[in-house]
Amino acid sequence: MNKQDLDTSQLGSIVIAIDGPAASGKTTTAKNLASALGLTYIDTGAMYRSVTLHALRRGIDVDDADAVADAARQIDIAFKNIGGENHTMLNGEDVSLDIRTPEVTRHVSKIAAYKDVRLAMVTHQIELGGRGGVVAEGRDTTTVVFPDADIKVFLTATVEERAKRRQMDMEALGIETSLQQQIEDINRRDSADSTREHSPLRKAHDAVEIDTTNLSIDEQIDRIVDLVRDKLSNQ
Ligand code: CDP
């Protein structure tokens, strides 16, 4: 990563927000960027996934918006750095792997569309990021959660490339899926996330769009580091 000549002591209160469609590389980019710049990483998708996991485990009817929102307000979701890795904690339990299963992925967009679930999560995200020094990623971090973020990025990639990446992620978890299955899953989720009434996925007017189809992780991180450098030099 080309972070030479970047004065990281100036980053104390910076807010970097990254949105984009499913499997566009937000998680890896945000995680690595936060670790390279010494910032706190907020994975907002992991929060909606945790609510979904909790509802499925407790047998809460996922079609009952009020019941799911009640649960969302009661659970404790936190992030913990374990051995340099960001882990998602649900009521004190490490659920980092459990929230990535196809079953959670299948239900998460429905649950994330509920207004009161969003209200509970966004309130928590603002608390986590309120003092700055954060990289947040998701669907509405540039538009709703941190509309005044210093750096706003919208990551995209073709659906085929995103499906290929997601298939590799699943393989690493020991879950076999077909490319076609991933394309369908991503299209369904993108459509649900972009057309919902509350906080739909959209590019903020002042976000910089980065198409990652032909970029490596390091290249896409470098693009964002360049934006940070520009921002600091214009202050
Ligand atoms: O990593 P991937 O693109 O699979 O998704 P994620 O970031 O883990 O988010 C999972 C789901 O949570 C998304 O498909 C959205 O339905 C929802 N989400 C949201 O509504 N708002 C956010 N800020 C983040 C995620």
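Note that the coordinates shown come from a computational prediction; the quantities given were computed from them, not determined experimentally. In each ligand, atom 1 is the first atom listed, and ligand 1 is the first ligand listed.
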K.L.:
For ligand 1, which part of R139 has a heavy atom less than 4.0 Å away: the side chain, the backbone, both, or neither?
P.N.:
both

K.L.:
What's the shortest distance from atom 10 (C) of ligand 1 to any protein heavy atom, and which residue and atom give it?
P.N.:
R189 NH1, 3.6 Å

K.L.:
Looking at R166 and D169, is any side-chain nitrogen of the basic one under 4.0 Å from a carboxylate oxygen of the acidic one?
P.N.:
yes

K.L.:
For atom 25 (C) of ligand 1, what's the nearest protein heavy atom and its distance?
P.N.:
G45 CA, 3.5 Å

K.L.:
Can a non-hydrogen atom of M47 be found less than 4.0 Å from any atom of ligand 1?
P.N.:
no

K.L.:
Please check whether R49 reaches ligand 1 - meaning an N/O of the residue sits under 3.5 Å from an N/O of the ligand, judged on distance alone.
P.N.:
yes

K.L.:
Please state which part of H107 comes within less than 4.0 Å of ligand 1, counting heavy atoms only: side chain, backbone, both or neither.
P.N.:
neither

K.L.:
Looking at ligand 1, does any of its N/O atoms fall within less than 3.5 Å of an N/O of D43?
P.N.:
no

K.L.:
Any idea which part of K26 is under 4.0 Å from ligand 1, heavy-atom wise: side chain, backbone, both or neither?
P.N.:
side chain

K.L.:
Count I, L, V, M, F, W, Y as connected when their side-chain heavy atoms are under 4.5 Å apart, and connections chain through other members. Are V208 and F154 then in the same cluster?
P.N.:
no

K.L.:
Is there at least one pair of N or O atoms, one from Y48 and one from ligand 1, spaced under 3.5 Å apart?
P.N.:
no

K.L.:
Show which atoms of ligand 1 fall inside a sub-4.0 Å distance from at least one heavy-atom site of D193.
P.N.:
13 (C), 14 (O), 15 (C), 16 (O)

K.L.:
Please determine which of D190, T212, N187 meets the side-chain hydrogen bond (donor to acceptor under 3.5 Å, both in side chains) test together with R162.
P.N.:
D190

K.L.:
Applying a strict 4.0 Å limit to heavy atoms, is T141 in contact with ligand 1?
P.N.:
no

K.L.:
Among all protein non-hydrogen atoms, which one is nearest to atom 21 (N) of ligand 1, and what is the separation to 0.1 Å?
P.N.:
R118 NH2, 2.9 Å

K.L.:
Under 4.5 Å between side-chain heavy atoms, counting indirect links through other Ile/Leu/Val/Met/Phe/Trp/Tyr residues: same cluster for I126 and V134 or not?
P.N.:
yes

K.L.:
Does this structure show an ion pair linking E93 with R57, if we count only N-O contacts that are shorter than 4.0 Å?
P.N.:
yes

K.L.:
Hey, is ligand 1 close enough to A23 that some N/O pair sits below 3.5 Å?
P.N.:
yes

K.L.:
Please determine whether the number of non-hydrogen atoms from other residues, nucleotides or ligands lying under 6.0 Å from atom CD of E209 exceeds 12.
P.N.:
yes

K.L.:
Could you identify the single nearest non-hydrogen protein atom to atom 1 (O) of ligand 1 and state the distance to 0.1 Å?
P.N.:
R166 NH2, 3.4 Å

K.L.:
Against ligand 1, does Q125 come closer than 4.0 Å with any heavy atom?
P.N.:
no

K.L.:
Tell me, which protein residue and heavy-atom name are nearest atom 17 (C) of ligand 1, and how many Å apart are they?
P.N.:
A112 CB, 3.6 Å

K.L.:
So, using side-chain hydrogen bond (donor to acceptor under 3.5 Å, both in side chains) as the criterion, who are the partners of K110 when residues are at least two apart?
P.N.:
D63

K.L.:
Are side-chain heavy atoms of V51 and M47 found at a separation under 4.5 Å?
P.N.:
no

K.L.:
Can you spot which of D98, T105, T44 makes a side-chain hydrogen bond (donor to acceptor under 3.5 Å, both in side chains) with R49?
P.N.:
T105

